[in-house]
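Index from 1, following the sequence.
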Amino acid sequence: MAFVCYFYAQFNLYILRNTAKHQGLRNQLVAQLQSKGITDAAVLAAIAKVPRHLFLNSSFEDYAYQDTAFPIGADQTISQPYTVAFQTQLLDIVKDHKVLEIGTGSGYQTAVLCELGAKVYSVERQHELFKQTKTLLPKLGVQPKLLSFGDGYKGLPNHAPFDSIIVTAGAPSIPQALMAQLKIGGKLVIPVGETQQIMTLLIRKNETQFEKHECGDFKFVPLLENKN
């Protein structure tokens, strides 16, 4: 009985903090993303549904639907909505796609991918964020296949291959381990560079060949490694 009461308390908290006002702000955000070139209707619908303000400290709630990055702790940030939408659009997610996410962070990108029907396997290096997100996502009804604490450079070889891989932090180069975990025909989206990154899309053509596309300049926190 105590568990049932706790569940409904959490559910009611979610309802109370996800109001018509928030929906209106999300609709405005979607219109802004469309004006910036986001065209994928499914991605826009996911952005319109996922309550970004619940992934931020409550002090940022009034600003949650601005197209801005915010700190989330552990010297990390939640990406601006345009970046989330841009990366997601590049992946061409369809229902039941098996997606590896490197950098769970706040869990917002995870939630967008799940809303699109993806089976999400996510890796987070910062233990503080890993614990927070593992607690938060079930409260919001978001159910990734796996949340893992570990080194994103290594990916999740035991769960490979993946239809898509998305990296949400800047890497100086594309990790070979991630390329190896992408299935033939799959897409890897990663920001590459030291202080400024170029959003890079790799499409695996066969066992040894990848097609590379550069998709503009972005700014990310660095992708950290060497976590066992």
Validation row: [X], [Y] side chains within 4.5 angstrom (heavy atoms):
X	Y	value
L201	L188	no
L178	L100	yes
M199	P191	yes
E124	K134	no
D67	K36	yes
V192	F220	no
K154	P175	no
T195	K219	yes

Value rounded to 0.5 Å, distance of [atom1] in [X] from [atom2] in [Y]:
X	Y	atom1	atom2	value
K119	K145	NZ	NZ	5.5 Å
L140	F55	CG	CZ	5.0 Å
I190	L90	CD1	CG	13.0 Å
L223	Y153	CG	OH	4.0 Å
L44	L29	CG	CG	9.0 Å
L156	E101	CG	CD	11.0 Å

Find out if a path of hydrophobic residues (ILVMFWY) with successive side-chain heavy-atom gaps under 4.5 Å connects [X] to [Y].
X	Y	value
L146	L182	yes
V221	I166	no
Y63	L25	yes
V189	I184	no

So, [X] side chain and [Y] main chain: donor-acceptor pair closer than 3.5 Å or not?
X	Y	result
Q89	D40	yes
Q181	A177	yes
S35	Q32	yes
K98	H159	yes
Y65	P81	no
T133	G105	yes
E115	I47	no
Q23	P51	no

Of all the heavy-atom pairs spanning [X] and [Y], show the shortest one and how long it is.
X	Y	answer
I198	C215	CG2-N, 4.3 Å
G107	L137	O-CD2, 3.9 Å
R26	A48	NE-O, 2.8 Å
V142	P144	O-CD, 3.4 Å
A118	I93	CB-CG2, 3.9 Å
I102	G155	CD1-CA, 4.2 Å

Mind checking whether [X] and [Y] have parallel, tilted or perpendicular rings, split at 30° and 60°?
X	Y	answer
F70	F60	tilted
H127	F149	perpendicular
Y82	F218	parallel

Between I38 and F86, does a side chain to side chain contact (heavy atoms under 4.5 Å, CB included) hold up when you go through it step by step?
CA-CA 7 Å; I38 302 301; F86 188 87; 4.2 Å; yes

Show, in sequence, the C-alpha distance, side-chain angles and deciding distance for R204 and L202, and conclude whether the side chain to side chain contact (heavy atoms under 4.5 Å, CB included) test is met.
CA-CA 6 Å; R204 188 166 198 172; L202 287 187; over 6 Å; no

Evaluation steps, side chain to side chain contact (heavy atoms under 4.5 Å, CB included), between R125 and D151:
CA-CA 6 Å; R125 186 195 183 283; D151 185 348; 5.9 Å; no

Within 6.0 Å of CD in E61, more than 12 heavy atoms from elsewhere:
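Yes.
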
For atom CG of D75, decide whether the heavy atoms of other residues, nucleotides or ligands shown that lie under 6.0 angstrom number more than 12.
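It does not: D75 CG has 12 such atoms or fewer within range.
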
Mind running side chain to side chain donor-acceptor pair (under 3.5 Å) on S106 and Q76 for me, showing each step along the way?
CA-CA 9 Å; S106 68; Q76 305 299 300; over 6 Å; no

Apply side chain to side chain contact (heavy atoms under 4.5 Å, CB included) to R52 and I78, showing your working.
CA-CA 10 Å; R52 187 175 188 247; I78 182 174; 3.8 Å; yes

Under 4.0 Å between a side-chain nitrogen and a carboxylate oxygen: does that hold for D163 and K183?
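K183 and D163: salt-bridged.
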
Side-chain donor-acceptor pair under 3.5 Å between Q126 and T104, yes or no?
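Side-chain D/A pair, Q126 to T104: absent.
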
